[in-house]
2 protein chains.
Amino acid sequence: MSAVRLSPTSYVILGMIALRGPSTPYDLKRAVGHSVGYFWNFPHAQLYSEPDRLADLGLLALSVEDSGRRRKTYSLTDRGRAALRAWLASPTDEHFQMRDIAELKLFFNEVGDPDSVPSLAAEQIKQHEERIAVYEGMVERFGDDPASRPRMITLELGLEMEHAALRFWTALAEGDLDRLRRARKGTTTGTSSSTTAE
Amino acid sequence: MSAVRLSPTSYVILGMIALRGPSTPYDLKRAVGHSVGYFWNFPHAQLYSEPDRLADLGLLALSVEDSGRRRKTYSLTDRGRAALRAWLASPTDEHFQMRDIAELKLFFNEVGDPDSVPSLAAEQIKQHEERIAVYEGMVERFGDDPASRPRMITLELGLEMEHAALRFWTALAEGDLDRLRRARKGTTTGTSSSTTAE
DNA sequence: GACAGTACCGTCCGAGACAGACGGTCAACC
DNA sequence: GGTTGACCGTCTGTCTCGGACGGTACTGTC
C-alpha cells in the first residue's frame, strides 16, 4: 500500500498519538520526555517537522487552531492506525543498538591512564543508580494504575538493563569481574542454552 | 588547545589506530566490525571521510601508497594520542543511549494486536541468545590471551546486558514478570540504595 | 597472457537526524 | 500597561545514515 519507508521515529509519533489521542507537537514532546524518550531519544525539532510529513502521507490529520498562538493538533487517521498496526505486527529483525561513551572509554582504556578506571566506574555507578531511582519512582506512582500497566512493562526492561550495567560497573570497581560470570551461571532461565558449549 | 569538537566516532577511530597501529580505512572497518561495532555502530563511509578530517586537525598522519589501488594509511600523531588520552580522562556525563525497536513495539503494543507479543518475545529471545553465543565464542577464543584481556572486559558488560534482556523477554514470554522484581531484590550489591524509599 | 568472473575496496549522494539558537506568545504580577 | 520569565514553535547549518555504485585486485580458464 504505502511504498514509503517510515523511520522508527515516525512510528513513535504515530504511537504516541494513538495512545494519547489528538496531540500538539508540544504535548508529544512532554509525553515523550518521561516515557519513550528513555529508550528512543531524538531532538524535539523532529516533533514539529515529522508530523507534517505524516500528514502528507495521509497517516495523520491536521487541525489548526488559529486562536492566539499558531498551534497544530494532529490526530490519527484510519490509514495511520493501520500503518502503526502493520508495523507492530511486522517481524523485528534488528538487534538493539547501544551507544555508551563509558563503554567506549573502557574499551580504549589501555591507551590511557589505568587510574582513570575507578573514577569512570564511580561516575557510571552514580548515573545508573540515579536512573534506577527515576524508574522506581515511576513504578511507585503509576504501578497501581491499571491504565498505565502496559507501559510499566517496558519500565521493567529498563530496570533490568540498568541493574545489569550497575552490577557490571560495581564489580569492575571492586575488581571482581569473575563474580559476574559465576552469578550468570546460576541465573540462566533454562529456556534454552547458548550454542557454544564449553 | 584544540577548539574543535570531536565526535565519539572520531575517538573510535583514534582509539582503534592507537590499539592497532597504522591502519587503512578498510582495516578499521574489519576491526570495528567484530569489536567496538557491537556497542557503537556507524556506517563504514565514516571511516573514509573522518580520518581525513582528523588528519587536517593534525591528529593523524597520512601516508599514501600509490602502488596499485589508491590506499591511505593513517597513523597516530603525538597530538592525536594526547587528544585521545585527554578524552579518556575526561568525565563522562551522558547516560548510555538505547535504541531498541522491540522495546518500542512493546511500548505501543496495546494499540495493536495483543497476540503479537509472544512472537515478538520469541524473536528477541532468539536474537539475544545468538548474540550471547557470539560473545561467548569470543571469550573462548581470546579469553586466555593476555594481550586481549583488556578488551575482554567490555565483553563482560555486553554479556551482562544481553543476559538482562534475555531474562526480561523470557519472563515476559512466560508471563512472570514479577519474578524479575523478586530476583532483583536479592542481587543488589549493596554499594548504595536508590533514593526513593518504599 | 587475454579474458571472465568474483571478491574486495572506496566514493558518492539524497534523505534524515541533529543541536541549539532564536523569536514569538502567554500569564502573572506589579 | 509594562516588565518579566516561563512556555512554545521554527529555523539553520552541519553531520549522519545507509546503501547504491564503480573501480581494482585476484583467481581460474583456455
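First the proteins, then the strands, lettered A, B, ... as listed; each starts at 1. Hydrogens, waters and symmetry mates play no part in the numbers below; they use all other heavy atoms, side chains included.
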Using whole Å, what does the distance between atom [atom2] of nucleotide [N] and atom [atom1] of [X] come to?
X	N	atom1	atom2	answer
Y48(B)	dC17(D)	OH	C1'	16 Å
Q46(B)	dG18(D)	CD	P	10 Å
D56(A)	dG16(C)	CG	P	12 Å
I13(B)	dC15(D)	CD1	C1'	13 Å
L47(A)	dG16(C)	CG	C1'	14 Å
E50(A)	dG9(D)	CD	P	17 Å
K72(B)	dG10(C)	NZ	P	10 Å
K29(B)	dA7(C)	NZ	C1'	12 Å

> If you check the H44(A) side chain, which of dA17(C), dG20(C), dT11(C) turns out closest?
Replying inline: dG20(C)
>> Between R167(A) and E156(B), does any side-chain N to carboxylate O distance fall below 4.0 Å?
In response: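 Answer for the salt bridge query: no.
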>> Quick check on DNA chain D: between T24(A) and N41(B), whose nearest nucleotide comes earlier from the 5' end?
In response: T24(A)
> Which part of the nucleic acid, if any, lies within reach of S7(B) when heavy atoms closer than 4.0 Å are counted: base, sugar-phosphate only, or nothing?
Replying inline: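 S7(B): backbone/sugar contact only, no base atoms under 4.0 Å.
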> Is R149(A) atom CZ crowded by more than 12 heavy atoms from other residues, nucleotides or ligands, each under 6.0 Å away?
Replying inline: no
> Quick check: are there more than 12 heavy atoms from other residues, nucleotides or ligands sitting under 6.0 Å from CG of D78(A)?
Replying inline: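 No, the 6.0 Å shell around CG holds no more than 12 heavy atoms from other groups.
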> Can you find a side-chain donor-acceptor pair between S116(B) and S119(B) that sits under 3.5 Å?
Replying inline: no
> Closest nucleotide of DNA chain C for Q97(B) versus for A45(B): which of these residues is on the 5' side?
Replying inline: A45(B)
>> By nearest heavy atom, map P25(B) and S10(A) onto DNA chain C; which one lands nearer the 5' end?
In response: P25(B)
> Any side-chain N or O of R53(A) under 4.0 Å from OP1/OP2 of dA15(C)?
Replying inline: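 Negative; the distance criterion is not met.
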>> Quick one: does any side-chain atom of R81(A) pair with a main-chain N or O of L14(A) as donor and acceptor, under 3.5 Å?
In response: no
